[in-house]
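Contents: one structure, followed by commentary.
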Amino acid sequence: MNQSVIKALKLLDLFTEENPELTLKDIADRSRLPKPTAYRMLTALEVSGFLYKTKETEHDSKYRLGLKLLELGQLVSDNLEVRGIALPFMKQLAEEINEVIHLVIVNGSEATYIEKVESTRALRLYTRIGKSSPLHAGSGPKLLLAFLPKEKQDEILSKSELGSITNKPISVEKLREELRTIRNTGYSYSIGEQDADTTGISYPIYDYSNKVIAALAVSGLSSHFEGENLNKIKEKASQTAVYISEELGYRKG
């Protein structure tokens, strides 16, 4: 573990409501770091946007918390909101169809699972809250990739290695075609892309601005995703995604 990074981040804890602005001397004294060391860490935090310098003199500098923290705080707040709203609906859906339910969001260039409700079946998928996976593997990640702005989508698809979790070859052109289909149909479908012999189906969750902010993903043994049971899963999952979206302020129109 990088102790320098930990020490630098701990400097952010020195800023409080009572002390929103601190000098280099204040920070060095309170952190018990030599001034040159504190200055190097503060410069790194400033370059990253976590701090900004309000004043600099020959003998000292003053700092405040930067807007990057506000941006990250808003992201955390948004994720907590969608988790809190979605969880009761996810539990209800799990009771109705008895499959594993996930809530998935975009996290940089990956998909992250931020909530999960288990089924009562013996099947256990290799997912956990906090797990990240490529955006091109699995129904939830692929749905999110399909609804990303074209520039971001192209950036991800242009990477030289679109590796497969299950060692299946991936064609970028075929993937692009699949993403267009997902946007047109409004849902994503995958078979054996993250776990062997499993199927996933996902639907978009929209916020008040009609932007896709998460995927509601249903996963289970492929043998369960057939015939009338598949129709039931699709109907229930689709409706649940709409309910969650409406709670977040989404209005179709």
**Report entry** Partners meeting salt bridge (charged side-chain N to carboxylate O under 4.0 Å, His left out) with D29 (sequence neighbours left out)
**Finding:** K25

Report summary line: Heavy-atom nearest pair, I213 first then Y206, reads CG1-C, 4.4 Å

Query raised in the report: Excluding sequence neighbours, so at least two apart, what forms salt bridge (charged side-chain N to carboxylate O under 4.0 Å, His left out) with R64?
Result: E21

Query raised in the report: Between A111 and L144, what is the shortest heavy-atom contact and its length?
Result: CB-CD1, 4.5 Å

**Report entry** Full working for side-chain contact (heavy atoms from CB on, under 4.5 Å) between L22 and F15
**Finding:** CA-CA 7 Å; L22 296 171; F15 294 85; 3.9 Å; yes

Requested in this report: Verify the neighbour count for atom NZ of K91: are there more than 12 heavy atoms of other residues, nucleotides or ligands below 6.0 Å?
Outcome: no

Query raised in the report: Who are the side-chain contact (heavy atoms from CB on, under 4.5 Å) partners of E235, not counting sequence neighbours?
Result: none

Report summary line: With sequence neighbours left out, the residues meeting side-chain contact (heavy atoms from CB on, under 4.5 Å) with I129 are R83, E115, K116

Query raised in the report: Above 12 or not: heavy atoms from other molecules or residues under 6.0 Å from NZ of K211?
Result: no

Query raised in the report: For N184, which residues count as a side-chain contact (heavy atoms from CB on, under 4.5 Å) partner, sequence neighbours excluded?
Result: none

Query raised in the report: If you measure from OG1 on T240 to CD1 on I97, what distance do you get to the nearest 0.5 Å?
Result: 7.5 Å

Query raised in the report: Taking only residues two or more places apart in sequence or in another chain, which ones pass side-chain hydrogen bond (donor to acceptor under 3.5 Å, both in side chains) with S132?
Result: T112

Report summary line: Looking only at heavy atoms, the pair that brings T16 and D13 closest together is CG2-O, 4.2 Å

Query - salt bridge (charged side-chain N to carboxylate O under 4.0 Å, His left out) partners for K10, two or more places apart - result: none

**Report entry** Side-chain (S190) to main-chain (G138) donor-acceptor, under 3.5 angstrom
**Finding:** no

Query raised in the report: Is a side-chain donor-acceptor pair under 3.5 Å present for S139 with S188?
Result: no

Report task. Give a yes or no on this: more than 12 heavy atoms of other residues, nucleotides or ligands lie within 6.0 Å of atom CG of L67. Result -> no

Query raised in the report: What residues form a salt bridge (charged side-chain N to carboxylate O under 4.0 Å, His left out) with K174, not counting sequence neighbours?
Result: none

Query raised in the report: Is it true that L12 and Y52 fall in one hydrophobic cluster, defined by side-chain heavy atoms closer than 4.5 Å?
Result: no

Report task. Identify the two heavy atoms, one from K68 and one from S48, that lie closest to each other, and give their separation to 0.1 Å. Result -> CG-O, 3.9 Å

Report summary line: Hits for side-chain contact (heavy atoms from CB on, under 4.5 Å) against N98, two or more places apart or cross-chain, chain-then-number order -> S119, T120, R121

**Report entry** Residues forming a side-chain hydrogen bond (donor to acceptor under 3.5 Å, both in side chains) with T199, sequence neighbours excluded
**Finding:** S222

**Report entry** Shortest non-hydrogen contact from G186 toward Y203
**Finding:** O-CD2, 3.7 Å

**Report entry** Nearest heavy-atom neighbours spanning M41 and K7
**Finding:** CE-CB, 3.7 Å

Query raised in the report: In the single-linkage hydrophobic clustering (I, L, V, M, F, W, Y; side-chain heavy atoms under 4.5 Å), do L216 and L230 co-cluster?
Result: yes

Query - Pairs where residues 219-248 contributes a residue and the test ring pair (Phe, Tyr, Trp, His ring centres under 6.0 Å) is met, not counting sequence neighbours - result: none

Please list, one pair per line, the donor and acceptor atoms closer than 3.5 Å that link side chains of residues 175-183 to other protein atoms, with sequence neighbours excluded.
| unit_1 | atom_1 | unit_2 | atom_2 | d |
| --- | --- | --- | --- | --- |
| R176 | NH1 | D154 | OD1 | 3.1 |
| E178 | OE1 | K142 | NZ | 3.3 |
| E178 | OE2 | K142 | NZ | 2.4 |
| T181 | OG1 | E177 | O | 3.1 |
| R183 | NH1 | A146 | O | 2.8 |

Query - ILVMFWY network linking V242 to L93, side-chain heavy atoms under 4.5 angstrom - result: no

Query raised in the report: Should Y63 and T54 count as side-chain neighbours, where that means a heavy-atom distance under 4.5 Å?
Result: no

Report task. Give a yes or no on whether the backbone of K234 and the side-chain of N231 come within a donor-acceptor separation of less than 3.5 Å. Result -> no

